[in-house]
Structures are given as structure tokens and as C-alpha cells.
Trainee: 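I am attaching a structure below and will ask some questions about it afterwards.
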Amino acid sequence: MRAPLLLLFLGAAAGPQDLEPQVLELVTKMGEDDIDVADQAAAELQKIGPPALPALRECARKRHGDLKLRLDELVRKIERGEKVRKAVGRVPRVTARFQDRPVSEILEEISKQSGVRVEGRDVPAEARASLAAEDAPVWKAIDELCRGHGGLMYTFTPKRVLVKPAPYRDLPRVFDRGFMFFLDTINWTRSFNGGAHSYFHAQAAVAWPPGVRPISGALLLDELTDDKNTDLLQAANGGNVWYGRSANANPQDEGTILLPLNHQPPTPPAEDATALSRFKGKVALKFALEMKRTISIQDPLGQRAASEKYGKTTLQMRAWKRKGKEVRLDLSLTSFRRPNEMNQPWDGNFAGRIVLVDPAGKTYTGRPEQQGSSSSGGTEGYTITQNFAMTFAVPESTAVASLDWIEPTEVEEVVIPFDFKGVPLQ
Amino acid sequence: MTRLALLAALLAQEPAPGGVEGDLAGKVDEKNPAAAFEALAALVALPPERRAEVAAAAEKLPPFYKDVLRSELKLRDALGEHFGKEVRVTLKGESRTAVGHLGEITKQTGLRIEPGYGLRERAGDPFALDLQNATFMAALADLCARTKQYPMMYNSPHVTLNPSAMEVRSFCYRNFGLFLTNVSFYKKVNFGGPAPWTCQFWCMPIADPGVKVVSWKSQTRVLEAVTDKGVRLEGGRHDAPSAIQHADDDPLPPGAARNASCTVLLQIPGTIPEKLARLRLVATAVVARATRDYAVTRFGGPEKAKAEDDLFEVAVPETEGGQPYQPEITVLVRPKKLMPAELVALPVGFEVKYKDAGDGQTWFQTKTVDGAVEYRVRWWPFNYGNPRDNKRVLESVKISIPTDVVDRPLYAEFTDIPLK
């Protein structure tokens with residue numbers, strides 16, 4: 001038993017050089033006429049992943065024809081897989097066994113293992129709880145802790161999770177890889193002033209692993225019906241989708257773990273509806289695999305105002321102010337969209353980052369503050385402008401070499417499906 | 001009949017059993033709440049030496065009005081001069097447009113009433129108002145009812161009028177008016193238990209210049225609500241917590257801004273009723289018994305733009321923020337005897353004037369900075385008729401800090417309120 005385990009250990013720890021013979025053997029099999037053998041070899045190489053890359057690249061360089069094409073494609077797949085893994089993050093997991101321990105102790109352990117800031121808020125010092133979690137995603141562990149206690153409930157802020165004394169609420173939710181999607185509240189308003197009006201919207205949110213940051217998120221519903229058989233998605237255009245981006249989970253904001261997502265369907269429930277019989281759809285999160293500096297305004301503080309353009313995007317600095325280490329810029333970001341682009345989730349445009357760069361190349365990210373937006377256009381397309389201020393902390397003695405717009409050039413979409421049945425409306 | 005005339009008439013009559021107090025108490029009848037509150041106000045206005053007779057008359061009142069009278073007498077004793085002197089107007093039957101009547105009221109009272117969008121644009125036909133020494137509030141309520149507007153005092157010493165989608169129901173008492181508008185019904189399901197419909201009214205409180213109200217508590221307390229079918233409704237609460245807190249920082253403590261509206265919440269079991277037959281509630285005004293005012297008129301650097309006394313140091317370090325049509329300034333207030341967190345909880349008021357821009361309103365955000373409180377004050381004009389892109393020239397900033405505030409409960413009663 002020991003020998004195979006030893007070999008397994010050695011295999012797991014093997015570096016790229018140790019893998020070279022194995023890679024060469026599999027590349028040879030990829031060149032065989034038997035398609036099943038060739039495909040199996042490619043799959044095993046993809047499973048080895050990044051450690052196989054040096055040898056694979058060398059093999060691809062030396063080969064020709066169809067095999068070279070397949071090797072190049074395999075290298076691209078593994079490289080992309082690595083980028084995706086870095087962009088989307090690992091699943092933060094928790095393994096812990098606590099029986100009737102102080103809540104603060106359990107939260108501290110969850111934070112330590114997962115890297116997520118989980119804090120008690122107004123939890124009495126003497127409060128105790130239990131948790132049995134075995135390699136559980138962190139969001140599930142927090143939910144289990146609160147559910148088991150019954151008198152604790154979690155609240156997400158943009159950058160952390162607060163656990164407060166409150167009756168536990170069993171929210172409709174899914175845990176998927178490192179993500180958690182949940183329905184927070186359903187809000188239904190009716191008024192009769194100047195005619196009958198009904199507004200119905202669902203407030204939901206998606207949480208992701210710490211250290212990563214999607215550039216956009218969208219809540220897309222496939223089915224939304226009430227228990228009176230009303231199709232809430234029925235509308236002339238086939239359904240209304242609300243693309244969520246909270247001002248507090250802006251891509252400019254480092255360290256966020258949450259994106260609130262709202263959905264307002266075109267049709268409200270029937271007046272006497274008591275539940276949503278089906279709330280089914282998916283959350284689509286986009287992650288930037290590569291970011292590229294596309295706009296750079298040189299020496300911004302040496303000018304009163306400035307503007308630069310790249311493609312459909314224009315970055316305008318309308319004014320600036322510097323006081324001590326605080327640099328505040330009034331900015332406008334303008335993008336042009338064609339009509340068929342208007343109903344797509346935002347990607348690229350407005351999904352980038354604005355940074356200041358000093359002469360040594362160090363970048364500084366800012367704190368944004370929305371000031372308003374406008375759009376104009378017609379059949380040819382729309383010009384959308386967002387106005388905002390950004391405040392940067394730059395040491396007083398440090399010059400500012402440039403103001404840059406960095407936008408995603410390669411994007412990966414992560415889809416989180418959900419299917420909630422019998423969601424109460426009362 | 002105005003209250004002074006009523007009192008004078010009663011005092012001129014032959015004494016009746018129960019005296020003046022008894023006569024006034026006899027007019028307190030729930031069939032006519034407006035007359036009832038007029039009579040109650042007259043009872044409260046009687047000289048202190050008649051207090052024993054007033055107390056005796058109070059015993060004979062229906063329970064709700066007894067509570068009102070007792071509360072008002074207690075407040076009169078506690079607040080003294082801050083109980084307020086009514087502001088009165090006389091509109092002698094001249095025919096004017098609504099805007100014309102507002103102008104006349106402003107001329108007589110000094111309280112500007114800004115006609116909002118819609119009323120400015122459509123002057124309407126002139127009409128006559130015949131109000132003899134009426135309270136400012138009664139005159140305002142009359143105009144609002146005729147023009148289907150509701151009034152609001154939003155972070156400004158002036159009143160603005162706004163179009164109402166429903167008939168505005170008003171309650172007037174002495175220096176105060178409450179205006180019910182914009183009823184809606186909501187339910188918030190947060191998966192923590194039953195979520196019935198809640199009826200919500202905007203309740204716009206107005207105080208005339210005779211009493212120094214600096215803010216209002218945001219929620220009213222419902223004492224009684226009965227539908228047209230005789231169903232009694234309980235007061236509602238905003239208590240459906242969310243699992244999402246949109247800001248990482250903790251929300252500001254309550255009382256950080258001058259609240260300009262209240263809400264009335266009612267729980268609705270079952271189907272939504274057509275009307276409320278009666279609604280009795282208590283709104284709470286925050287009255288300032290002492291205020292420190294600071295005026296800054298010279299700008300161009302922190303050393304010049306400053307004012308101070310033994311309690312506060314006030315500076316205006318930034319005057320160039322925001323957009324031309326919504327400029328923003330920064331005001332820094334350093335308390336000398338309070339903690340910054342205590343200052344944040346006070347309803348500080350700002351009056352900002354820009355050259356040739358007319359009057360306007362303000363809104364602000366706060367944060368504590370090195371032992372001081374920083375207010376980022378945004379201003380916009382009542383009338384956007386001025387060119388929006390012109391750079392504004394700041395003329396003056398007045399900061400009012402109430403240093404001694406007290407809650408002033410206001411009992412109110414409405415009848416025949418349409419919900420649909």
C-alpha cells in the first residue's frame with residue numbers, strides 16, 4: 001500500500017521537468033489515428049494543467065500540421081483555464097466542529113479559514129452556538145451556524161458579513177462553487193392615485209469569493225409565475241430584465257464580495273396571489289481575464305481639464321483638486337452603443353477601472369461617487385455618459401504621471417442557475 | 001369664526017353654567033373635528049388663572065379630546081414662549097390667481113410659499129378668498145385644497161407646493177398643519193414571517209414662523225384608524241429587516257438631518273378598504289428652545305470663511321464642488337463642548353445663497369473628521385428658470401445649530417380619507 005501512495009505523493013508534487021516524459025508520451029498518443037486514444041490523451045494533458053505547459057509549448061513548437069494546431073489549441077485552453085481560476089477564485093471553505101461555543105470564537109475561525117470578514121454585531125458576549133462543517137463553502141457554513149442557532153441572522157455588506165441577533169430567516173438561496181445567490185426581499189407596492197398602479201420587484205444578491213471581482217452581473221429569469229397562473233414575464237418584448245450593478249459594488253471598489261441585483265418583471269402578480277409558484281433563471285457574472293490600458297491622460301494635474309478617447313469610450317477629466325494626500329477628480333465616462341447593444345449586460349464599457357499612476361509606475365485606485373448620468377440618441381445609437389467624482393489617496397510629495405482607463409479585453413462568464421418554487425408572497 | 005372672535009363672543013355673553021370653559025367644551029364634538037380643535041385651542045389659550053375651570057371642563061370631554069387638551073396644557077407650561085404665537089392673515093375677498101394669493105400671504109407673514117412645478121405654469125382663473133384674521137395654516141390648507149397641491153418644507157425656511165395625485169386631507173391646529181397625500185400600499189416579504197399589506201401615507205408637516213420647529217420625527221403614532229365599513233386598523237411598522245446592507249459603514253445615527261416629512265403606517269388585514277372614516281394620530285415636532293446661528297459671507301480660503309463662539313467653530317473650506325445646477329460646498333463644524341457624534345445627531349440647518357440664483361433648498365451628507373463634523377451641502381434652486389450651466393457665485397452661508405431641542409407631540413384628526 002505504501003508504494004502506490006508514495007508514487008501518488010511523488011506524482012502530485014512533480015514539477016514541469018518531472019512531467020516531461022509523461023507529457024511527451026501523451027503528445028505522441030494525440031498524434032495517433034485512433035480518435036478515442038487521441039482525445040483521451042488530450043483530456044489527460046488538460047487535467048495535468050499548467051505544470052504541463054512548458055513541455056507542451058515545446059512540443060507544439062516542434063510539431064507541424066494538424067497535431068500542431070491541436071497542441072496550440074490545448075495550450076490556449078490550459079492557459080485560459082488558469083486565467084479563469086485566478087479571476088474567479090478558489091471556493092473558500094470551512095471545516096470546523098464547535099459544540100456550544102461562544103459565537104465570537106466560531107466567527108473568528110470562519111473568517112480565518114475562508115478569508116471572508118465575518119463579524120458579530122451586537123451579539124451578546126455570552127451567546128453560544130454550534131457548528132459542524134466539513135469542507136463546506138463559507139456561505140453555507142455561515143447559513144448553517146445561524147440556522148442551527150435560530151436567533152442569529154446574517155447581513156451582507158459590500159465587503160463583509162455581519163451576524164446579528166435576530167430570528168433566522170430561511171431565504172431562498174443556492175450555493176454554487178464559491179458563490180451564493182439569494183433572494184433577500186420581495187417588494188410589492190400598489191397605489192390608486194390617478195389610476196391603479198402596481199409595482200413588484202425582487203431584491204436579490206450574489207456573493208463571491210474574496211479577492212476576486214466581477215466586472216458585471218445580470219439576473220436573468222426564464223420563468224416567473226404566481227399561484228394564480230399569472231406569467232409575470234409576459235410582455236411585448238418577451239420579458240424585462242434588470243441588469244444589476246450597485247453603486248456600492250462598483251468595479252472600482254476593491255474588496256467587495258457582494259452585488260445586489262434587482263428584478264422588476266413587466267407584469268405584477270394577481271391581486272389575490274399568495275406565492276410565486278416558480279422563480280427560475282440564472283445569474284451571469286462576467287470576470288475580466290485580461291485588462292488593458294486603453295486611455296491614458298498624461299500629466300492630468302498639469303492641466304485644468306482634459307479628454308482622451310479610445311474606440312467607443314471617452315474619458316474626460318472636468319476638474320481636479322489636490323489637498324494634502326487627497327486628489328479629487330470630477331470625471332465623465334462616455335460610451336456609444338448601438339440599439340442592439342442597449343439591452344445587453346454591460347461589459348467593457350463602464351466595466352473598467354480608473355487609476356492614477358505615479359512616475360514610478362505605481363497605480364492608485366480611487367473611491368467613486370456618482371454624480372449622475374445622461375443619455376441621448378435615436379435610431380443610430382445612444383451616447384451614454386456617467387458623471388462621477390473619484391477621490392484618490394496619493395502621498396503629498398508624489399507626482400501624478402497619468403490618469404488611465406483600464407478595460408477588460410478577455411472576459412469569462414460564470415453562470416449560476418437557480419430554481420425556487422413556492423416563494424411566499426404573504 | 002376665528003378663535004379670538006369666538007373667545008370674545010363667549011366672554012361677552014351672560015355667564016352660562018360651566019362658564020366660558022363649559023361653552024368651549026360643548027363645541028368639542030367628534031362630528032366636527034375642525035371645530036373641536038378650534039375650541040380646544042381656545043381652551044388652551046385661556047389665561048393661567050382659569051386653569052382650574054379648564055381642567056374641570058376637560059373631565060367632561062370624550063377621551064381622545066381630553067388627552068389632547070391635557071397634552072397641550074402640559075406643553076404650554078413646559079415650553080413657555082416656545083409654545084408659539086400664531087401667525088395670522090387676512091385675505092379680504094380680492095380676486096387673485098392662486099399664485100397671487102400665495103404672494104399676499106408671503107407679504108403678510110414673511111413666510112415664502114413657493115408655487116411648484118405645474119402651479120407656476122398654469123396660473124388658473126382668479127378667485128376670491130375671504131379669510132378674516134385666519135391662521136396662516138387655515139389659509140394654506142384652503143389654497144392647497146383648491147389647487148390640489150400639498151405643501152412641504154424641505155431643508156428650507158420656505159414652503160414649496162407640489163401637485164398631489166389624490167385629494168389632500170389637511171389638519172390645522174395653531175401654528176401647525178399636517179397634510180396627508182400620496183397613499184400607497186406595500187408589502188415587504190423577507191421570509192421571516194407573515195407579510196400583510198401596509199397602508200402608507202406621506203404626512204407633510206408644516207409649522208409657521210411663530211414656533212421654531214427644526215425637524216419632525218419620521219414616523220407618526222396611530223391612535224385610532226377606522227375604515228368606512230367600521231373595521232379598526234392597527235398602526236404599522238417598517239420592521240422587515242434585509243440581509244443586504246448597502247454601505248459598509250454603519251448608517252448615520254437618527255436625527256442627522258432635518259426631517260421634512262412623516263409617514264403614517266396602518267396594517268391592512270385582508271383586502272384593501274376604499275376609505276378611512278377616521279384617523280387619529282400623534283406627530284412629533286422637534287422644537288428648538290435655543291439656537292446658535294453663524295453667518296459666513298467672505299470666502300476664498302479657510303482663514304476668511306470662518307465664524308465661531310464659545311460653542312462651535314464653523315468654517316467653509318470648500319465652495320467649488322458639485323455641478324453648476326447643483327453646486328456643493330463643504331462646511332466644517334468643530335464642537336467645543338460636545339462630542340462630534342452628539343453634533344451629528346442635532347438637526348443642523350443650512351441656508352445657502354448664490355448671487356442672482358433665487359432661493360433654494362439644501363441636502364447634505366455628514367462624516368466626522370478629526371474631532372469635527374464635515375457637512376457636504378448640496379443646493380438647488382426652487383426655480384430652475386435660471387440658466388443651468390452658469391457657474392454659481394456664492395454669497396453667504398448661514399448655519400443654524402439648535403442647542404436645546406425638545407419633542408413637541410401634536411395630536412391630529414382626519415376624517416373621510418379616500419384610499420382608492
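The shown structure was predicted, so the numbers you read here are calculated from the model rather than taken from an experiment. By convention in this document, chain letters (A, B, ...) are assigned in the order of the sequence lines, proteins followed by strands, and residues within each chain are numbered from 1.
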Trainee: Answer whether the closest heavy-atom distance between the side chains of A:L171 and B:F191 falls below 4.5 Å.
Mentor: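 A side-chain contact exists here, since the closest heavy-atom pair is under 4.5 Å.
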Trainee: Does CD in A:Q303 sit with more than 12 non-hydrogen atoms of other residues, nucleotides or ligands closer than 6.0 Å?
Mentor: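 Yes - once you tally the heavy atoms of other residues, nucleotides and ligands closer than 6.0 Å, there are more than 12.
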Trainee: Are more than 12 heavy atoms, taken from residues, nucleotides or ligands other than A:K325, located less than 6.0 Å from that residue's NZ atom?
Mentor: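 No, because the 6.0 Å sphere around NZ of A:K325 holds 12 heavy atoms or fewer from other groups.
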Trainee: About how many Å separate OG1 of A:T185 and CD1 of B:I244, when rounded to the nearest 0.5 Å?
Mentor: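 Those atoms lie 7.0 Å apart.
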Trainee: Look up atom CE in A:M153 and atom CG in B:N190, then write down how far apart they are to the nearest 0.5 Å.
Mentor: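 Output value for this atom pair is 8.5 Å.
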Trainee: Taking the side chain as C-beta and beyond, is there a heavy-atom pair between A:Q203 and B:S242 under 4.5 Å?
Mentor: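 No, side chains not in contact.
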Trainee: Which value, rounded to the nearest 0.5 Å, describes the distance between B:W197 atom CH2 and A:W188 atom CH2?
Mentor: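 Reported to 0.5 Å precision, the distance equals 4.5 Å.
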Trainee: Could you have a look at A:P172, A:P167, A:A166 and say which one has the most heavy-atom pairs with chain B under 4.5 angstrom?
Mentor: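 Going by pairs under 4.5 Å, I would pick A:P172.
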Trainee: What part of B:P196 gets within 4.5 angstrom of chain A, counting heavy atoms only: side chain, backbone, both, or neither?
Mentor: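 The answer is neither part of B:P196.
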Trainee: Evaluate the side-chain proximity of A:I186 to B:K188: yes if any heavy-atom separation is below 4.5 Å, no if none is.
Mentor: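 When only atoms from C-beta onward are counted, A:I186 and B:K188 do not touch, as no gap falls below 4.5 Å.
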Trainee: Under 4.5 Å from any heavy atom of chain A, what part of B:I272 do you find: side chain, backbone, both or neither?
Mentor: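 Only the side chain of B:I272 comes within 4.5 Å of chain A.
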Trainee: Quick check on the interface: out of B:A243, B:A195, B:S184, who has the most heavy-atom pairs with chain A under 4.5 Å?
Mentor: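 Looking at each of B:A243, B:A195, B:S184 in turn, B:A243 comes out on top.
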Trainee: Can a donor-acceptor pair be found, under 3.5 Å and without considering hydrogens, that links the side chain of A:R190 to the backbone of B:Y186?
Mentor: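 No, because the side chain of A:R190 does not come within donor-acceptor range (under 3.5 Å) of the backbone of B:Y186.
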Trainee: Checking B:Q245 against A:L162 for the side-chain contact (heavy atoms from CB on, under 4.5 Å) test, could you report, in this order, the C-alpha distance in whole Å, the side-chain angles of both residues, the deciding distance, and whether it holds?
Mentor: CA-CA 9 Å; B:Q245 179 177 300; A:L162 304 176; 3.9 Å; yes
Trainee: Measuring heavy-atom distances to chain A, does B:E318 have an atom under 4.5 Å in its side chain, in its backbone, in both, or in neither?
Mentor: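 Contact with chain A involves the side chain of B:E318 alone.
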Trainee: Which one, A:V161, A:D272, A:L183, leads in non-hydrogen pairs under 4.5 Å with chain B?
Mentor: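 Between A:V161, A:D272, A:L183, the count favours A:L183.
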Trainee: Do any N or O atoms from the side chain of B:K187 and from the backbone of A:L425 form a donor-acceptor pair under 3.5 angstrom?
Mentor: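 The answer is yes, because a donor-acceptor pair under 3.5 Å joins these two groups.
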Trainee: Should we say atom NZ of B:K275 is surrounded by more than 12 heavy atoms from elsewhere, each under 6.0 Å from it?
Mentor: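 No, not enclosed.
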Trainee: Where does A:Y168 contact chain B at under 4.5 Å (heavy atoms): side chain, backbone, both or neither?
Mentor: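 Contact with chain B is absent: no heavy atom of A:Y168 under 4.5 Å.
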Trainee: Are there more than 12 heavy atoms of other residues, nucleotides or ligands under 6.0 Å from atom NZ of A:K321?
Mentor: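 Yes, NZ of A:K321 has more than 12 neighbouring heavy atoms, counting only those of other groups under 6.0 Å.
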